[in-house]
Amino acid sequence: DDLNHTGVSHTVFRLLGIPGLEDQHIWISIPFFISYAIALFGNSLVICIILTKRNLHEPMYLFLCMLAGADIVLSTCTVPQALAIFWFHAGEISLDRCITQFFITHSTFMSESGILLVMAFDRYIAICFPLRYSTILTHTLIGKIGVTIFLRSYCTIFPIIFLLKRLNFCQNNIIPHTFCEHIGLAKYACNDIRVNIWYGLFVLMSTVVLDALLIFVSYVLILHAVFHMSSQDARHKALNTCGSHVCIIILFYGPAIFTILTQRFGRHIPPHIHILLANVCVLAPPMLNPIIYGIKTKQIREQVAHIFFPKQK
């Protein structure tokens with residue numbers, strides 16, 4: 001069947017932004033721009049504070065630093081391009097750039113999922129084995145964990161590059177979206193894309209879904225340990241350190257799960273809702289993570305206050 005498609009195979013695509021809301025693009029760009037500015041500023045601030053303060057070189061903060069870095073990459077890879085479409089109608093993108101964008105966004109998203117899992121593991125050790133915490137989570141182990149998280153993402157996403165490169169895009173070169181993603185691009189091919197769909201599902205299940213399940217298990221263990229603590233004060237303190245992490249988990253997996261469900265089962269949902277949801281996944285966590293951690297974590301809060309109001313002691 002593939003032999004029939006000796007015709008044109010598109011190498012340049014047009015991203016439309018949010019179809020059906022073209023006349024609203026300028027208004028939609030305002031929350032995009034504001035949330036991107038907050039994400040860049042907030043996450044850079046978190047990274048600077050954690051790296052410059054010796055007393056913040058603890059596992060929890062180093063993982064938070066990794067998360068902030070991933071947040072910057074995720075939003076920088078998608079938002080500026082969306083803004084270019086909204087402001088200048090600059091939606092033209094080459095196939096290679098499209099694949100590069102998909103590779104960076106998908107692997108960064110997966111890395112964030114891995115970082116959240118490790119943060120849950122970190123809280124589990126801190127609460128269930130407080131005396132052995134510093135001997136278990138050494139800086140060497142944290143480094144190894146960091147490398148493993150990123151390698152896992154790159155190695156699972158890498159084959160998709162070849163699964164996309166083999167496709168022949170003879171139908172349509174107009175993508176109704178603000179950024180490139182795997183199935184969103186593959187469905188414009190004339191070939192059979194079942195391999196893409198199944199591999200995509202396998203990647204999702206073996207990484208993001210597995211992470212979410214393991215996070216759930218670690219929190220069941222944490223709660224079990226917390227409610228067996230004798231003192232009320234210790235119980236409250238333990239739950240408080242987990243609070244901000246739980247907020248971030250819900251913020252990360254919530255929109256992602258909702259997006260996947262609407263893509264799979266929401267035949268009657270208008271396309272602009274799908275695209276807005278996909279954008280919430282890459283806009284909301286990077287913007288809100290530093291705010292949540294900044295408000296909930298005393299050490300970070302104090303450092304921020306010290307930077308902005310140095311006189312007040």
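Both backbone and side-chain heavy atoms feed into the values below; hydrogens, waters and symmetry mates do not.
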| message | Would you call the rings of Phe158 and Phe103 parallel, tilted or perpendicular, taking 30° and 60° as the class edges? | response | perpendicular
For this session: Quick one: sort the Phe32 and Phe86 rings into parallel, tilted or perpendicular, breaks at 30° and 60°.
Result: perpendicular
### Task
Take Tyr253 and Ser113 through the test side-chain hydrogen bond (donor to acceptor under 3.5 Å, both in side chains) and record every step on the way to the result.
CA-CA 8 Å; Tyr253 290 106; Ser113 178; 2.8 Å; yes
Does the ring centre of [Y] sit less than 6.0 Å away from the ring centre of [X]?
| X | Y | answer |
| --- | --- | --- |
| Phe179 | Phe102 | no |
| Tyr188 | His10 | no |
| Phe13 | Phe169 | yes |
| Tyr219 | Tyr124 | no |

CG (Leu64) and CD1 (Ile50) are apart, to the nearest 0.5 Å, by 4.0 Å
| If you round to the nearest 0.5 Å, how far is CG of Leu16 from NE2 of His272? |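 Spacing of NE2 (His272) from CG (Leu16) equals 14.5 Å.
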Q. Under 6.0 Å from the NE2 atom of His236, do we count more than 12 heavy atoms belonging to anything else shown?
A.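 For His236, atom NE2 is not crowded (no more than 12 foreign heavy atoms under 6.0 Å).
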Report, as yes or no, whether the 6.0 Å neighbourhood of atom CZ on Phe33 holds more than 12 heavy atoms from other residues, nucleotides or ligands. no
Per side-chain hydrogen bond (donor to acceptor under 3.5 Å, both in side chains), Glu302 is matched among Lys298, Gln299, His306 by Lys298
What do the steps show when you test Arg235 against Asn240 for side-chain hydrogen bond (donor to acceptor under 3.5 Å, both in side chains), and what is the final call?
CA-CA 9 Å; Arg235 200 178 299 176; Asn240 197 36; over 6 Å; no
Check against side-chain hydrogen bond (donor to acceptor under 3.5 Å, both in side chains), Ser111 and Ser153: CA-CA 6 Å; Ser111 299; Ser153 309; 2.9 Å; yes
Side chain to side chain contact (heavy atoms under 4.5 Å, CB included) test vs Cys242 passes for just one of Ile222, Leu223, Val226, namely Ile222
Kindly indicate, with the supporting measurements, whether the criterion side-chain hydrogen bond (donor to acceptor under 3.5 Å, both in side chains) is fulfilled by Tyr36 and Thr76. CA-CA 8 Å; Tyr36 181 56; Thr76 301; 3.1 Å; yes
Closest non-hydrogen atoms of Lys165 and Asp96, given as atom of the first, atom of the second and distance, are NZ-OD1, 2.6 Å
Exercise. Judged by modelled atom types alone, do Asn191 and Asn168 share a side-chain donor-acceptor pair under 3.5 Å?
Worked result: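 No pair is found: no donor N or O on one side chain lies under 3.5 Å from an acceptor on the other.
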